[in-house]
Amino acid sequence: MFATLGRRTALHAARRTAQQQAKRRMGGGAAAAPEWTGIDKVVRGYFPKDEDMVVAISGGYLGLFLLFKIKSALSGSPEEEAAPAAAAPAASAGEIPDVDSEEFGAFLESEENVAKLVESFEK
């Protein structure tokens, strides 16, 4: 009795597995290779798989990029030395110097100058 039940269960499980695998195939086995014509036929002669085409196209773009970089590095103009910056005219006694200038630190040492700076912010 148990042997018959075990055989039936195993047979039923095998059928179910076969049915599930058939459902997963989504349309059958491998598709037939397409017939290439024109330039596609010539290119596919060298690169038959899609993966080969991806590598070839990526390599082509990388090669163009590298050629451009090498060309621009070789033909680039030599950098000229930067001309020394012209000395800024010293601020007169009544003006507030630029914040980026070296004179600004000396300007802030006086209480009167700090008051001028605060007044200019309030305007």
Side-chain angles (χ1 to χ4, degrees):
M1 178 163 144
F2 289 113
T4 307
L5 183 60
R7 272 187 260 144
R8 269 196 240 159
T9 305
L11 184 60
H12 185 65
R15 285 183 190 162
R16 188 179 322 159
T17 304
Q19 289 174 354
Q20 287 177 352
Q21 287 177 350
K23 289 180 184 177
R24 291 183 184 172
R25 292 175 68 179
M26 298 286 188
E35 292 293 324
W36 302 107
T37 58
I39 188 72
D40 290 331
K41 184 175 183 178
V42 173
V43 171
R44 289 293 180 160
Y46 293 104
F47 308 111
K49 294 190 293 183
D50 291 339
E51 296 86 11
D52 297 338
M53 287 291 294
V54 169
V55 170
I57 291 171
S58 299
Y61 280 119
L62 179 66
L64 288 174
F65 174 76
L66 291 176
L67 284 174
F68 175 76
K69 283 298 199 178
I70 291 170
K71 178 190 166 288
S72 63
L74 293 176
S75 66
S77 60
E79 294 181 20
E80 298 177 8
E81 292 183 21
S92 64
E95 294 181 12
I96 301 172
D98 189 19
V99 177
D100 296 330
S101 70
E102 296 173 2
E103 301 168 356
F104 190 72
F107 176 79
L108 291 178
E109 292 176 0
S110 170
E111 290 293 325
E112 295 173 4
N113 292 338
V114 173
K116 286 181 189 178
L117 183 64
V118 171
E119 288 175 13
S120 69
F121 290 149
E122 293 175 354
K123 290 182 183 178

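Along the sequence shown, the residues carry numbers beginning at 1.
Applying the under-4.5 Å side-chain rule to Ile, Leu, Val, Met, Phe, Trp and Tyr, the cluster around Tyr46 extends to Ile39, Val42, Val43, Phe47, Met53, Ile57, Tyr61.
With hydrogens and angles disregarded, a donor-acceptor distance shorter than 3.5 Å links the side chain of Ser101 to the backbone of Asp98. A donor-acceptor pair under 3.5 Å is formed between the side chain of Ser75 and the backbone N or O of Lys71.
Considering only heavy atoms from C-beta on, Leu108 stays 4.5 Å or farther from Asn113 through its side chain. In this structure, the side chains of Ile96 and Phe107 come closer than 4.5 Å at one or more pairs of heavy atoms. For the pair Val114/Ser110, no side-chain contact is recorded, criterion being any heavy-atom separation below 4.5 Å from C-beta on.
Leu117 and Val99 fall within a single hydrophobic cluster, where Ile, Leu, Val, Met, Phe, Trp and Tyr are joined by side-chain heavy atoms under 4.5 Å apart, directly or via other members.
The salt bridge (Lys or Arg N to Asp or Glu O under 4.0 Å) pairs that include a residue from residues 43-58 are Arg44-Asp50, where partners are two or more places apart or lie in different chains.
Here NZ of Lys116 is found 13.0 Å from CD of Glu111. Values are rounded to the nearest 0.5 Å.
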